[in-house]
S.K.: 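Take a look at the following structure, please.
Being a predicted model, the structure only gives us computed values, none of them experimental. Start at 1 with the first residue, then count along the sequence.
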Amino acid sequence: VQLQASGGGLVQAGGSLRLSCAASGSIFMFTYMAWYRQAPGKQREPVARISSNDITDYAESVKGRFTISRDNPKDTVLLQMNSLKPEDTAVYYCFARAGRNYWGQGTQVTVSS
């Protein structure tokens with residue numbers, strides 16, 4: 001199974017972006033899927049995750065601004081990011097868990113002040 005992330009880009013503070021993570025197989029196989037991010041010089045950190053029964057969890061820093069969701073017919077997980085801040089600048093990675101870990105390639109999100 002491969003994960004393909006897309007949707008990153010450059011946006012001004014206060015703007016929005018939507019990231020997509022498309023799986024090459026059915027996302028029903030995954031216990032949960034998530035988004036992580038890694039800013040320059042920092043460790044990779046979890047941002048949001050969604051379980052197979054649509055239970056969601058968010059990092060405190062993004063609660064109320066980001067929304068993770070599943071598009072089951074398209075085998076895709078989305079991350080809607082609103083009210084973006086410069087500190088959200090990072091490479092965002094898609095992650096999935098199904099007995100082992102799966103990582104997608106990163107997509108760069110840059111928020112200018």
Side-chain angles (χ1 to χ4, degrees):
V1 175
Q2 293 184 335
L3 303 175
Q4 182 72 37
S6 63
L10 172 64
V11 64
Q12 289 187 331
S16 299
L17 282 174
R18 188 175 76 166
L19 304 184
S20 296
C21 175
S24 59
S26 172
I27 62 174
F28 286 107
M29 67 177 285
F30 299 121
T31 303
Y32 66 91
M33 299 184 73
W35 288 94
Y36 283 70
R37 67 186 180 187
Q38 187 167 19
K42 295 187 177 181
Q43 289 189 333
R44 192 171 298 188
E45 62 177 8
V47 175
R49 82 175 190 180
I50 185 166
S51 70
S52 57
N53 56 353
D54 288 336
I55 295 174
T56 58
D57 190 28
Y58 298 91
E60 285 295 327
S61 60
V62 307
K63 279 184 179 179
R65 301 188 298 121
F66 290 11
T67 302
I68 189 170
S69 62
R70 295 157 57 105
D71 186 342
N72 294 328
K74 295 183 179 180
D75 292 312
T76 298
V77 170
L78 306 171
L79 184 67
Q80 179 66 42
M81 306 187 294
N82 298 328
S83 302
L84 282 161
K85 304 175 181 180
E87 50 264 43
D88 294 318
T89 295
V91 177
Y92 283 70
Y93 296 91
C94 181
F95 170 90
R97 175 76 182 172
R100 50 155 285 190
N101 295 337
Y102 297 86
W103 288 97
Q105 90 292 0
T107 184
Q108 177 70 47
V109 171
T110 303
V111 184
S112 63
S113 56

S.K.: Flag this pair as yes if the NZ/CZ of R97 is under 6.0 angstrom from the six-membered ring centre of F95 and inside a 45 degree cone about the axis; otherwise no.
M.R.: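 No, R97 does not lie over the aromatic ring of F95.
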
S.K.: According to disulfide (SG to SG under 2.5 Å), does anything in residues 25-63 pair up with another residue at least two apart or in another chain? List the pairs.
M.R.: none

S.K.: Under the ring pair (Phe, Tyr, Trp, His ring centres under 6.0 Å) rule, what pairs show up with a residue in residues 45-93, not counting sequence neighbours?
M.R.: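 Residue pairs passing ring pair (Phe, Tyr, Trp, His ring centres under 6.0 Å), neighbours aside: none found.
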
S.K.: Show me, pair by pair, the donor-acceptor contacts under 3.5 angstrom made by side chains of residues 106-113, not counting sequence neighbours?
M.R.:
residue	atom	partner	partner atom	Å
T107	OG1	G8	N	3.1
Q108	NE2	A90	O	3.4
Q108	NE2	T110	OG1	3.3

S.K.: Check L79 against A48 and note the closest heavy-atom contact, atom names and distance.
M.R.: CD1-CB, 4.1 Å

S.K.: What residues form a side-chain hydrogen bond (donor to acceptor under 3.5 Å, both in side chains) with S51, not counting sequence neighbours?
M.R.: N53

S.K.: Give me each pair satisfying disulfide (SG to SG under 2.5 Å) with a member in residues 55-84, each pair once, sequence neighbours excluded.
M.R.: none

S.K.: What pairs meet the disulfide (SG to SG under 2.5 Å) rule with one or both residues in residues 31-84, with sequence neighbours excluded?
M.R.: none

S.K.: Which ILVMFWY residues can you reach from L78 by hopping between side chains whose heavy atoms are under 4.5 Å apart?
M.R.: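 None, because no other hydrophobic side chain comes under 4.5 Å of this residue.
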
S.K.: Keeping to residues at least two apart or across chains, list the disulfide (SG to SG under 2.5 Å) pairs with something in residues 19-113.
M.R.: C21-C94

S.K.: Please check if atom CD in Q2 has more than 12 non-hydrogen atoms from other residues, nucleotides or ligands closer than 6.0 Å.
M.R.: no

S.K.: Can I get a per-line list of side-chain donor-acceptor pairs under 3.5 Å for residues 10-20, giving both atom names and the distance, sequence neighbours left out?
M.R.:
residue	atom	partner	partner atom	Å
S16	OG	N82	OD1	2.9

S.K.: Could you name each residue pair satisfying salt bridge (charged side-chain N to carboxylate O under 4.0 Å, His left out) that touches residues 27-43, not counting sequence neighbours?
M.R.: R37-E45, R37-D88

S.K.: Answer with yes or no whether the hydrophobic clustering places W35 together with V1; edges join I, L, V, M, F, W, Y residues whose side-chain heavy atoms lie under 4.5 Å apart.
M.R.: yes

S.K.: As an exercise, state the distance from CD of Q80 to CD1 of I68, rounded to the nearest 0.5 Å.
M.R.: 12.0 Å

S.K.: For a 4.5 angstrom cut-off between non-hydrogen side-chain atoms, does M81 reach R65?
M.R.: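 Answer no - side chains too far apart.
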
S.K.: If you look only at pairs with a residue in residues 67-82, which of them pass as a salt bridge (charged side-chain N to carboxylate O under 4.0 Å, His left out), with sequence neighbours excluded?
M.R.: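 Every pair satisfying salt bridge (charged side-chain N to carboxylate O under 4.0 Å, His left out) with a residue in residues 67-82: D54-R70.
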
S.K.: Using atom types as modelled, flag every donor-acceptor pair under 3.5 Å from a side chain in residues 25-32 to any protein atom, sequence neighbours excluded.
M.R.:
residue	atom	partner	partner atom	Å
S26	OG	F28	N	3.2

